[in-house]
Each structure stands twice: as structure tokens, then as C-alpha cells.
Amino acid sequence: MPDFAVHFTFINKTSEHLDQDPDGTKAILGHWVDLPQTIQPNSQAVFQIADDPGFSGSEAENAFFVKTNLDDDERAHIQTYATCPFTHDNEFEPDPLAPKAVYASSFRARSSDGDWQDNSVPASGHPLYVEYTVDYQSQNYRFTLVKLAATSDHPLRNSRGELITGFHTLWSSDTASEWADGKSGSFAPNIFAYESGSPVASSGHVDVTIQALDLELIGAEVIVLGSVGRKRVFQTDYFFIKSLANRVVTAHVVDPASSRNPFVKKGDVEWSMELRQPTRMVQAVGPSTTRLELYWIGKNLHPAFWNGIPVGFLRSVFDKVTPEDDHATRVRRDNEAEHQWNMLGTDAVFGKYHKRYDTFRISTGASAFGMTVWGGIFAESYYRAVAPGSNEEGTLYRTVNCFDQAGMLELWCRLGVDGNMTSWLLQQPFGFIKTTHLVGIVDDNGALISVNNPFFGTDRTRALVENDDPGRTYFHCHVYEGSKKPYNHIYDACAGPHLGGEDAAEYLSNSRQEMTETTLYAANNTYPGRVDTIEEGSGVTGVDGQPYQPGGPVGVPVALPAPREAILTSLVGPPPELSAINITHVDWAHVDSWASEVLGPGWSVAFKSVTASPRIAHAFWHLARSHSTTDPVRISVVVESTIAADGSLDVPRSTTAARARAAEIMFTTERDPEGIWAPGSADLGRYGDYAYQYGPDLGAGRIVVVAANTVVDISGETSTAALAPIAYQLLERVVRRDVDVLEPPALHRGRTVTVAPPGHAPGDAAYPHPHSDYDPDNHIVSLQHSGSHLTLEFDVDRELAAAGASSPGGKVLLDRYTAEVSSGKVRFELVARESGTSRVALHVADDRTMVSATQVVTLYVE
């Protein structure tokens with residue numbers, strides 16, 4: 001009897017199993033013999049559809065599911081049709097196997113004892129033999145990387161000063177070459193808020209937009225990976241490609257899995273796509289290497305950074321943390337792993353910013369970066385500034401005191417992810433220090449020397465003296481950081497350093513002498529600080545001229561405390577009774593335009609800052625003389641402006657505020673101010689209402705002049721006598737004696753220029769029209785979305801030296817301001833971060849006098 005069966009050999013070359021699909025398997029003519037229920041990976045099955053008695057032949061449909069061994073999910077479907085009939089041609093028809101990017105199928109057939117034919121069937125002869133093979137696709141397929149985006153949990157500013165907040169683009173293929181900032185940074189950095197020890201993957205992610213380029217990829221299951229070097233850092237979940245349209249997938253960090261410390265991922269990331277089965281790469285077309293700069297820091301950002309943490313500060317910090325410190329737990333005593341970050345910061349601030357304590361050449365213990373004993377607005381970018389010809393941070397101006405070191409350390413510690421916030425701790429007096437190291441005080445070989453006489457001047461042989469040496473000096477006050485009361489951890493980056501392994505009592509016992517250890521306490525009518533004399537100050541109240549609290553930095557009172565008033569009065573006399581301006585100054589905001597003309601061609605500006613903030617405008621200038629070994633000349637100018645109800649300058653209140661600020665300057669040193677300051681020379685009376693200066697026996701020059709509401713602080717050179725000729729030249733350039741009224745600038749006709757919802761910048765072509773209402777009479781703006789970017793424009797009646805904005809709680813952020821002199825307009829680009837009612841104060845300072853004014857705008861955000 002002739003054999004009209006179809007004999008099958010199904011060969012499975014994949015690592016997945018083939019399960020019979022009963023709905024797709026059907027014997028139309030004949031019956032199944034040895035039909036397998038499962039064909040195991042890398043194996044084969046032999047079976048047939050046999051013909052029944054008679055001359056009908058055989059005919060059948062056969063189907064299998066391709067299922068992964070990982071989760072038994074269906075990955076593909078095999079459907080075939082075969083017949084070996086009595087009356088017409090033989091047939092074998094497999095359906096196309098999808099997804100084609102993953103699987104490939106082929107077959108060969110022969111009849112009876114004929115030859116095998118690849119992918120074709122002999123029309124006649126019987127029985128029919130078919131070998132059907134399922135394998136993985138060997139052809140390469142393609143995708144392209146379109147865009148990367150993320151949401152920054154904290155606002156920050158890139159190296160161009162641009163504000164980055166909320167959801168934003170990290171990289172785009174349209175402008176692939178424009179994102180890299182230097183060797184490893186990005187112009188679109190990002191911050192994720194992180195909690196110590198938690199899974200990093202849950203603390204933030206990167207949205208990756210990809211596009212599959214080949215139809216064969218549709219239905220394929222893939223994963224997107226991001227690697228630094230050969231190490232996988234980013235990874236998405238597996239997902240199915242459904243079309244050739246752009247697809248956004250979420251990439252999480254997989255290395256590290258968790259961390260006890262803040263950390264950064266910075267540099268070039270190579271992105272790739274990989275098929276799940278088989279494990280095979282999908283070829284990237286176009287740019288696939290992106291520059292990313294991502295930070296994981298604590299959830300509680302220091303308020304000083306509410307308007308954007310400078311990326312330069314973040315880079316500075318993380319460049320000083322070694323890879324071994326990044327995620328490790330290195331502690332000084334048991335159960336203190338949570339304080340490791342503060343320890344690392346103390347060590348770095350003490351030894352990695354190239355600072356030196358104010359005793360090597362200058363013996364006043366003065367703050368150089370805007371801090372007082374209670375805190376203040378810290379000049380952090382100036383602290384980090386690099387000297388010309390150097391590539392080392394902190395070298396532009398190296399001299400510091402404990403206030404400066406505590407300021408930098410406080411900002412560092414507040415990046416911590418463990419929630420342990422530090423406090424600004426101060427003691428007045430502190431006492432005679434035990435033998436220790438002071439920041440940057442080294443011998444000729446660069447090794448730290450022992451010190452117990454902190455203000456030894458230039459003679460290093462006097463750094464360590466006998467306990468009762470009559471010339472021995474002490475800390476009139478001292479500032480350091482510590483954990484909250486009861487102060488179980490003390491961090492001192494000025495002396496020691498002390499890395500948090502001591503509580504307050506242990507710290508004091510180890511760092512300063514008791515009454516019984518030296519007779520000098522009695523001789524100087526002072527006493528050592530105790531735990532119960534520790535006070536808490538406001539600490540850093542702003543950075544780089546911008547306070548975070550409306551009303552200016554904490555610690556500068558409107559009315560002077562009696563002791564400070566008494567010391568100031570002893571130097572400069574009682575407050576002058578001013579109802580009008582007698583002497584004023586102009587052009588302090590533009591020293592760079594006239595310094596070389598006044599002082600000579602060898603002088604240049606190495607650092608500058610001009611800012612406007614609540615009730616004050618501030619200008620700072622660092623002037624250096626070429627080929628000079630003397631200290632640079634530094635100019636700090638603060639103009640106090642209290643505005644009366646009618647919009648004019650309230651002269652009495654402004655001059656009172658200036659006097660308070662002048663008094664505060666006297667207390668920016670660690671020495672007793674009465675031993676440092678002297679009345680100003682008679683010549684200084686030509687430039688202001690009163691003045692005072694460093695005494696003649698100090699190794700530094702400093703002159704403070706107050707002209708109505710303007711406080712000018714000039715320091716530098718090796719003595720006040722050496723500084724005086726330079727100061728007189730500067731003061732002569734700016735003094736004006738013919739102005740009896742100072743008019744503050746005013747903003748008029750406020751209006752909304754552009755508004756864009758979150759994720760879009762003002763002026764975005766997709767949102768050309770304002771989406772807000774502005775009430776010019778009450779200065780109220782209504783917005784539809786939190787996170788919106790908006791631009792407010794005002795008419796202004798003069799040129800401006802600076803502008804700024806402040807908002808309680810950082811609810812409204814200032815991106816930038818632009819002033820158009822020709823059209824008399826100023827624009828503020830703002831970001832409304834939260835829903836509800838917010839108030840933002842817009843500050844503007846006059847271009848010549850730096851007298852400032854504020855316009856408050858209320859934002860209602862739905």
C-alpha cells in the first residue's frame with residue numbers, strides 16, 4: 001500500500017522550548033503519530049501525519065508556541081501547513097516567524113528517496129519528508145538614540161549660570177556635540193535626592209528616547225544599557241518594541257545598588273540595545289555616546305542654595321572624594337558610619353583647598369569670605385577661585401579664618417544623604433589652644449607644623465611656645481560645625497582637624513587649655529570656653545552675595561548691641577545726624593573699567609561680583625598687581641537702601657543700617673577687636689562720614705570708610721600704611737560731594753512677556769503667547785501650572801548695576817535677568833516651583849550709586 005504520510009523533523013536550535021498549540025494543530029486528513037507536546041531547547045522531534053486507509057492522502061496544520069525558559073512567556077508562534085495528497089501536488093507552507101529580528105526559520109523537503117530541496121517542496125512523489133528548523137536571527141538590526149531627560153530634585157546652575165530645575169533634557173541627538181562641558185562635565189547636570197542606604201534605582205531615573213529603525217525589530221524584547229568604560233551603570237527593564245515610532249523608556253542606575261554617601265556619575269556614557277533572546281546587540285546608528293553629569297545628594301538642600309546650587313561647587317566637592325570613599329563606610333569609631341560624609345568633608349576642607357590660616361603673613365584672624373562670628377553670606381565661588389597660572393582650587397586667595405572654614409564645611413555637610421544636619425557653633429571666648437595643626441600652616445617642605453600660638457605673625461619659630469609665654473595669643477572666639485545639641489559630633493576644619501569622633505566635651509578637652517594649664521587666662525582677664533558657653537549661630541545665610549532670607553543676612557541688626565556700639569563709638573565717634581547726603585560714592589560697580597587707569601597698567605581684576613538683594617547691593621573686587629609678591633587688594637562695597645513709603649530713600653534708616661554693618665566688620669576676626677582696630681586717619685575724612693583701620697602693628701592693611709549708606713572695606717598689602725596710597729587713589733575716583741539726594745530706581749508697568757509650562761523654556765515656539773494674567777496695579781500674576789517658566793518685563797528709569805530676586809522658601813527661582821539700556825526695560829526670567837500663593841521680591845540697583853529698591857510680585861499658581 002503506498003505511503004502518503006508527511007514525516008516531520010522539527011529542529012529547535014534556540015535556548016527556548018516549543019510547546020504545542022492545540023488550537024493551531026489539526027489533522028485534516030489522516031492522523032498524528034508521535035506528535036510532541038514539547039520540543040526542548042537545542043533538540044529535535046520526529047513525528048508524522050499518517051494517511052488513513054484508502055487513497056485520501058494526508059493533510060494537517062501544526063502549531064507551536066516559542067516560550068522562554070526564564071518566565072515561560074510566549075515569545076513567538078510557529079504555524080505550518082503540510083499535505084501529501086493523492087490527487088494534487090505536495091505542499092509545506094510555514095507562516096513567517098516573528099519577530100524577525102529575533103528568530104529565523106528554514107526548511108528542506110524531499111519525496112521518497114529523492115534529493116533534499118532547500119525551502120521548497122517536490123511537487124510529486126510520496127511520502128513527503130520535511131525538516132523544519134527554528135534558530136536565532138543572525139542578521140544585525142539597528143536603532144538610534146534620540147534623547148535623554150531627567151527630573152532634577154534640586155535646582156542647580158550649570159557653568160554658564162543657567163538655571164536647571166524640574167524636568168529637563170540631558171542630551172539630544174539634534175545637538176549631540178553641544179552638551180559636553182570640559183573633559184567630564186555637562187551643560188545639563190542633574191541632581192537626584194537620595195536617602196542613605198536606600199536602593200539607588202528608586203531615587204531617580206533617566207528617560208531614554210530610542211527609535212527602532214528596522215521593521216524586523218517589531219515584537220522583539222530588548223533592553224537598553226548605559227556603560228561607562230566597560231562597566232554597566234544604567235539599565236532599563238526589558239520591553240517590547242511595538243512600532244518604529246520614538247519610544248521613551250526608563251533607565252535606572254544599577255551601580256552602585258546603594259550608598260551611604262552622596263555620589264556622582266559623570267563622564268561619557270555609551271548606550272546600547274540588547275535583544276533578550278538571543279542575547280545579541282542591536283546596532284546603534286548615529287551618536288550613542290552621551291555626556292552625563294548626575295549627582296545623588298541629600299533631600300534637605302541648604303537654603304543658601306535654594307536659587308540653584310552651582311555645579312562648580314558640586315564638582316569641587318566630588319573631585320575631592322576618592323573612589324574608595326564614594327560608597328564605603330570608613331569610620332573613626334564604632335557606630336558612626338552615618339557621619340562619614342561629614343568626616344570626609346572636614347578632611348577635604350582642611351587639606352584640599354590650598355588655604356592657610358590667617359597668621360602666616362596676616363595676624364588678625366580675619367574672615368576673607370564674608371563671614372562673621374554668627375555666620376553670613378559666604379563667598380563660596382571666591383573661596384574656590386583659581387589663581388592665574390594655577391589649576392588648583394582655592395589658590396586665588398588662600399588666607400582664611402575659622403568662620404570661612406566653617407562656612408565651606410557647612411555647605412559640604414548639607415549635601416549628606418543621612419539627614420544629620422550640622423549646626424554653626426561658636427564660642428566667645430574660646431581660649432588658649434593646645435598644640436595642634438592649623439589649616440595650611442606648614443614648614444618649607446610642606447609639612448604641617450605644631451602650633452599653640454595662633455597669631456605668631458611671620459616668625460614660625462613663635463608658632464609653638466611655652467604655655468606661659470607672655471607673647472602667646474589665643475582665640476578670642478572660635479567657630480566650628482557640630483551635630484545638633486547635645487553636640488555629640490564636632491567637626492573643625494580650621495584646627496586639628498577634628499573629624500567628628502569627639503563630642504563637645506571631648507573636643508574642648510582636646511583642643512584648648514584649662515585655667516590650670518596656663519597663667520595667661522588670668523593675665524588676659526579671660527577664661528576658656530565650656531560646653532555650656534557654646535552658642536548656635538545662623539551659619540551660612542546665602543552664597544555669593546545672595547541671601548536666602550528676605551531682609552539680608554542674619555546677624556546684622558538694625559540697631560547695634562550696646563557693646564558693639566561702644567567699641568565703634570570709641571573709634572569713630574557717635575553716629576552723625578544725617579537728614580541728607582553729604583558725601584557719596586559712585587562707580588563701585590565698574591571697578592574693572594577704571595582700575596588700571598587709576599592704579600596703573602600693572603593692575604587687573606582677578607575676581608568680581610556685583611549683586612542686588614533685599615535692601616542691599618554688594619560689589620566685590622579682587623585686584624592683583626602683576627609681578628608682585630604682596631597681598632592683593634580686595635574691595636568690598638555694601639550700599640544699604642531702606643525705602644520710605646513714598647518710594648524715596650529713607651536716609652536715617654539707611655545710614656543706621658550702614659553703621660550696623662560697619663560694626664559687624666569689626667567682629668569678623670578671631671581676635672579681640674579692640675586689639676586690632678584704630679581710628680581712621682584724618683585724610684580718610686575726605687571720603688566719608690567716618691572711618692577706621694587696622695592698627696600700625698599688624699601685618700596687614702585694612703581701611704573701612706562709611707559714606708552715608710555706603711560701607712567700603714578695602715584690604716591688602718602688608719600694613720595699613722602700605723595700603724593707604726592705593727586706597728586713597730580708589731576713593732578719590734569714586735567720591736562725590738555734590739550729591740544731596742540719592743534716588744532709588746523704580747520698576748514700572750509690569751507685564752508678562754512669555755510663559756511656558758514645565759519642560760519648556762520661555763519663548764518656546766510651541767508656546768508663543770502668555771498663559772497668565774498680570775494685574776499691574778497690585779502686581780499679581782496668575783499661572784496655570786506649577787513648574788512654569790515665565791518672563792516678567794518692567795520699564796526702568798535708568799541703567800542698572802545688578803538685579804536679583806528672592807522668594808521665601810525658594811518657591812520662585814530667578815533664572816536670569818537682562819537689562820536693555822536703549823529701551824529702558826529689564827526682564828526677569830523666573831520659575832514658579834510650587835502651586836499656591838508665592839511672593840517674589842525683585843531687586844534692582846542703580847548703575848552708579850548702587851542704591852537699590854525692591855518690587856514685590858505675588859504669584860497665584862493653580
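Counting from 1, the numbers follow the sequence of the chain as shown.
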message: Check Arg816 with Glu829, please: is the shortest side-chain N to carboxylate O separation under 4.0 Å?
response: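 So Glu829 pairs with Arg816 through a salt bridge.
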query: Hey, are Asp544 and Arg157 close enough for a salt bridge, meaning a charged N less than 4.0 Å from a carboxylate O?
result: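 The answer is no: the pair does not qualify as a salt bridge.
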So which heavy atom on [X] is nearest to which on [Y], and how close?
X      : Y      : answer
Leu747 : Gln855 : CD1-CB, 3.8 Å
Ala801 : Ala589 : CB-CB, 3.7 Å
Leu623 : Ala595 : CD2-CB, 4.4 Å

task: Kindly write out the residues that satisfy ring pair (Phe, Tyr, Trp, His ring centres under 6.0 Å) with His622, not counting sequence neighbours, or none if the list is empty.
output: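 For His622 the ring pair (Phe, Tyr, Trp, His ring centres under 6.0 Å) partners, ignoring immediate neighbours, are Tyr382.
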field: Phe313: ring pair (Phe, Tyr, Trp, His ring centres under 6.0 Å) partners, not counting sequence neighbours
entry: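 Phe313 satisfies ring pair (Phe, Tyr, Trp, His ring centres under 6.0 Å) with Phe305 once adjacent residues are dropped.
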Can you confirm whether the side chains of [X] and [Y] place a donor and an acceptor under 3.5 Å from each other?
X      : Y      : value
Gln428 : His476 : no
Thr399 : Asp358 : no
Ser681 : Tyr728 : yes
His843 : Thr854 : yes

task: Let me see the working for Ser538 and Thr541 under side-chain contact (heavy atoms from CB on, under 4.5 Å), right down to the final yes or no.
output: CA-CA 7 Å; Ser538 302; Thr541 60; 3.9 Å; yes
Give a yes or no answer on whether the side chain of [X] reaches the backbone of [Y] with a donor-acceptor pair at less than 3.5 Å.
X      : Y      : answer
Thr395 : Ala387 : yes
Asn445 : Ala447 : no
Asn453 : Thr473 : yes
Asp319 : Ser316 : no
Asp846 : Thr849 : yes
Thr720 : Tyr694 : yes
Gln405 : Ala493 : yes
Trp412 : Ala348 : no
Asp683 : Arg686 : no
Lys320 : Tyr353 : no

message: Students often mix this up, so state it plainly: with edges at 30° and 60°, are the rings of Tyr357 and Phe475 parallel, tilted or perpendicular?
response: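 Tyr357 vs Phe475 ring planes: tilted.
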query: Is there a salt bridge (charged side-chain N to carboxylate O under 4.0 Å, His left out) between Arg798 and Asp847 once you walk through the steps?
result: CA-CA 8 Å; Arg798 69 196 68 186; Asp847 188 58; over 6 Å; no
message: Suppose the criterion is side-chain hydrogen bond (donor to acceptor under 3.5 Å, both in side chains): which pairs have a residue in residues 598-610, not counting sequence neighbours?
response: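 Every pair satisfying side-chain hydrogen bond (donor to acceptor under 3.5 Å, both in side chains) with a residue in residues 598-610: Asp592-Lys608.
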